[in-house]
Number of protein chains: 2
Amino acid sequence: MGRTSTAKEKLISSAIELIGTRSYNAVGVQELCDHSGVKKGSFYHFFPSKRDLTLEALDAMWNMFKNETLDPVFNSDISPVDKFNAIAVKSYEHQSSTKDCIGCVTGCGIGNLALELSTQDEIIRQKIEQIFEQWAQYFEDVIVDAINDGDLSVDTDPRSTSQAILAYVEGVSLMGKTFNDPNMISRLSEGMAQICISKKKTAAGERM
Amino acid sequence: MGRTSTAKEKLISSAIELIGTRSYNAVGVQELCDHSGVKKGSFYHFFPSKRDLTLEALDAMWNMFKNETLDPVFNSDISPVDKFNAIAVKSYEHQSSTKDCIGCVTGCGIGNLALELSTQDEIIRQKIEQIFEQWAQYFEDVIVDAINDGDLSVDTDPRSTSQAILAYVEGVSLMGKTFNDPNMISRLSEGMAQICISKKKTAAGERM
DNA sequence: ATATTATTTTACCAACTAGTCAACTATAAG
DNA sequence: CTTATAGTTGACTAGTTGGTAAAATAATAT
């Protein structure tokens with residue numbers, strides 16, 4: 001009943017675009033509305049607050065990333081290494097085309113919000129924590145596979161290793177954004193592979 | 001001539017504290033002044049803008065980190081691995097005591113500003129890029145030492161490896177802040193060591 | 001002791017912030 | 001066609017933002 005609207009969806013994609021390329025605090029409700037062609041009264045008809053929009057934008061970002069990147073790669077029938085490589089290639093291509101398009105590397109929209117808001121908004125922090133846990137789960141599953149296939153040492157701890165890989169992915173994004181250089185991302189796959197290598201195998205002889 | 005003042009120093013340390021635990025855009029000039037016990041007119045006597053304060057705060061953060069953490073560790077006469085371990089331990093201790101003190105893990109103040117402002121303020125982005133380059137240089141030097149000592153494969157590319165380690169350090173900080181858990185940082189040393197391990201068969205040293 | 005200069009203070013600004021509200025309008029369902 | 005309801009609109013807060021201008025004050029070098 002009543003009339004229908006696309007305002008909510010438009011606001012969410014504007015939030016992804018504007019907050020994603022700048023920051024939460026640098027983008028105001030008014031700008032979000034102008035960019036969406038929505039009046040401020042409508043904004044507050046659909047969202048109790050700017051924070052609630054951001055929470056929904058975070059969900060949308062994560063779903064897009066899952067559907068367009070994670071699921072296609074991790075559901076495909078390729079080797080664990082190739083899965084990491086595929087993620088690295090997709091990440092590079094994404095940052096690279098963003099740079100071509102708007103002139104700057106924007107990094108990971110989720111990681112950006114994580115650093116900006118984790119100490120300021122507990123609800124948003126928890127949402128991002130959940131997203132990161134799901135994201136790391138993709139890595140963990142493939143690490144378990146690799147251990148079972150004998151491609152990785154049985155000494156590898158899947159959980160902490162998957163978190164380390166996610167940390168590395170986020171760190172590389174941060175470097176790419178800071179240097180405004182997509183090429184920073186091209187080292188991603190090599191580093192991910194190295195993090196997987198269990199230390200214990202070399203404990204006897206080598207120092208590092 | 002004229003009178004002397006500590007206002008500038010007080011403003012810089014307030015900036016490090018307040019912007020470091022929240023964010024650039026979340027902390028206003030007025031709050032910086034109140035926290036320093038300095039009037040706004042004095043603020044603009046010493047700094048042309050909030051951005052200029054931030055630039056000086058960034059310098060101060062980097063110098064503190066160098067003097068208190070990097071130099072003591074990297075100038076000491078311990079093995080490369082132990083140097084990485086020492087950095088990891090100091091990072092953990094710092095985040096841990098911050099959490100005890102103010103209730104949250106704040107991560108790396110420089111990395112926080114990097115993600116918040118890199119796409120918005122080119123001058124600040126460049127300053128952080130320079131800091132990261134100096135920081136990576138510490139890692140690069142020790143990697144070269146390790147190669148010369150035979151502790152690391154001669155195939156290791158010191159430059160890209162040092163950047164990868166810095167990426168990992170920043171990524172781990174990001175995870176620690178997002179999960180609000182200093183224990184995230186304790187995996188730091190293991191990951192750093194693994195990133196150093198060169199895959200001996202890699203074709204050529206890719207650029208970063 | 002004075003002139004010089006660095007610093008402090010107060011009051012101010014225009015633009016912007018997130019958020020509110022009540023009147024208005026379009027529409028889908030009965 | 002009516003009515004209930006979902007969505008739209010524009011005007012409006014109250015507080016904050018970064019930044020300015022000029023007068024007042026304190027210290028220092030001469």
Side-chain angles (χ1 to χ4, degrees), chain A residues 1-58 113 116-117 119-125 127, chain B residues 1-58 112-113 116-125 127:
Chain A
M1 241 183 182
R3 49 175 151 173
T4 58
S5 170
T6 58
K8 190 170 179 176
E9 287 68 36
K10 285 189 286 187
L11 284 166
I12 291 174
S13 28
S14 289
I16 294 176
E17 184 180 337
L18 298 180
I19 297 178
T21 55
R22 302 228 292 288
S23 77
Y24 179 85
N25 281 302
V27 178
V29 174
Q30 192 57 60
E31 188 180 356
L32 255 0
C33 290
D34 293 345
H35 188 268
S36 308
V38 166
K39 296 295 181 299
K40 200 187 274 192
S42 289
F43 182 106
Y44 287 98
H45 174 70
F46 290 106
F47 302 102
S49 71
K50 183 183 167 188
R51 177 231 242 154
D52 289 271
L53 199 222
T54 307
L55 250 6
E56 294 212 32
L58 236 11
L113 284 170
E116 186 182 3
L117 301 176
T119 59
Q120 290 180 76
D121 191 310
E122 177 61 12
I123 305 288
I124 288 185
R125 190 197 67 73
K127 163 124 283 172
Chain B
M1 240 182 184
R3 48 175 153 174
T4 58
S5 172
T6 58
K8 191 170 180 177
E9 288 68 36
K10 284 188 288 189
L11 284 166
I12 291 174
S13 31
S14 289
I16 293 175
E17 183 180 337
L18 299 181
I19 297 178
T21 53
R22 302 228 290 289
S23 77
Y24 179 84
N25 282 302
V27 178
V29 174
Q30 192 57 58
E31 188 180 357
L32 255 358
C33 290
D34 293 345
H35 187 269
S36 308
V38 166
K39 294 294 179 301
K40 200 188 273 192
S42 290
F43 182 107
Y44 286 98
H45 174 73
F46 291 106
F47 302 102
S49 70
K50 183 185 169 189
R51 178 230 241 152
D52 289 271
L53 198 223
T54 307
L55 249 7
E56 294 212 33
L58 236 10
N112 296 346
L113 284 169
E116 185 182 3
L117 300 175
S118 282
T119 58
Q120 290 180 76
D121 191 311
E122 176 62 12
I123 305 287
I124 289 185
R125 189 196 68 72
K127 161 123 287 170

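Every chain is numbered from 1, with letters handed out A, B, ... down the list of sequences. Atom set for the values below is all heavy atoms of this structure, side chains included, hydrogens, waters and symmetry mates excluded. Quick caveat, the model's predicted, so the values are computed rather than measured.
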Q.
For B/Thr4 and B/Ala26, find the nucleotide of DNA chain D closest to each by heavy atoms; which residue's nucleotide sits nearer the 5' end?
A. B/Ala26

Q: Between A/Ala7 and B/Phe43, name the one whose nearest nucleotide on DNA chain D is closer to the 5' end.
A: A/Ala7

Please confirm whether the shortest side-chain N or O distance from [X] to OP1 or OP2 of [N] is below 4.0 Å.
X       : N      : value
B/Lys39 : C/dT8  : no
A/Ser5  : D/dT8  : yes
B/Tyr44 : D/dT20 : no

Q | Test side-chain contact (heavy atoms from CB on, under 4.5 Å) applied to B/Ser14 and B/Leu11, step by step | A | CA-CA 5 Å; B/Ser14 289; B/Leu11 284 166; 5.6 Å; no

Q. Taking the side chain as C-beta and beyond, is there a heavy-atom pair between A/Thr119 and B/Thr21 under 4.5 Å?
A. no

Q: Can you figure out which of C/dG19, D/dG18, D/dT8 approaches the side chain of A/Phe46 most closely?
A: D/dT8

Q. A/Gln30 has a side chain; which of D/dT9, D/dG7, C/dT17 sits nearest to it?
A. C/dT17

(Q) Ignoring hydrogens and geometry beyond distance, is the side chain of B/Arg3 in donor-acceptor contact with the base of C/dT5 at under 3.5 Å? (A)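 In this structure, the two groups form no donor-acceptor pair.
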
**Q.** Any N/O donor-acceptor pair, A/Lys40 side-chain to D/dG10 base, under 3.5 Å
**A.** no

Q. DNA chain C: A/Gly28 or A/Gly41, which has the more 5' nearest nucleotide?
A.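 The residue whose closest nucleotide sits nearer the 5' end is A/Gly28.
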
Q: Test the B/Lys50-B/Tyr24 pair against the cation-pi criterion, namely NZ or CZ under 6.0 angstrom from the six-membered ring centroid and within 45° of the ring axis.
A: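 Verdict for B/Tyr24: a cation-pi partner in B/Lys50.
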
Q: Could you walk me through whether B/Phe43 and B/Leu53 pass the side-chain contact (heavy atoms from CB on, under 4.5 Å) test, one step at a time?
A: CA-CA 9 Å; B/Phe43 182 107; B/Leu53 198 223; 3.8 Å; yes

Could you state the [atom1]-[atom2] distance from [X] to [N], rounded to the nearest angstrom?
X        : N      : atom1 : atom2 : value
A/Lys50  : C/dT20 : NZ    : P     : 15 Å
B/Leu32  : D/dT17 : CG    : P     : 11 Å
B/Glu31  : C/dT17 : CD    : C1'   : 16 Å
B/His45  : D/dA26 : NE2   : P     : 16 Å
A/Leu11  : D/dG7  : CG    : C1'   : 13 Å
B/Phe47  : D/dT20 : CZ    : C1'   : 18 Å
A/Asp121 : C/dA18 : CG    : C1'   : 14 Å

(Q) Is it the case that the side chain of B/Ser42 and the backbone of B/His45 share a donor-acceptor pair, with hydrogens and angles ignored and the cut-off at 3.5 Å? (A)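 No: the side chain of B/Ser42 does not pair with the backbone of B/His45.
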
Q.
Within the 4.0 Å heavy-atom criterion, would you say B/Ser42 contacts the bases, only the backbone, or no part of the nucleic acid?
A.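 Counting heavy atoms under 4.0 Å across all strands, the contact made by B/Ser42 includes a base.
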
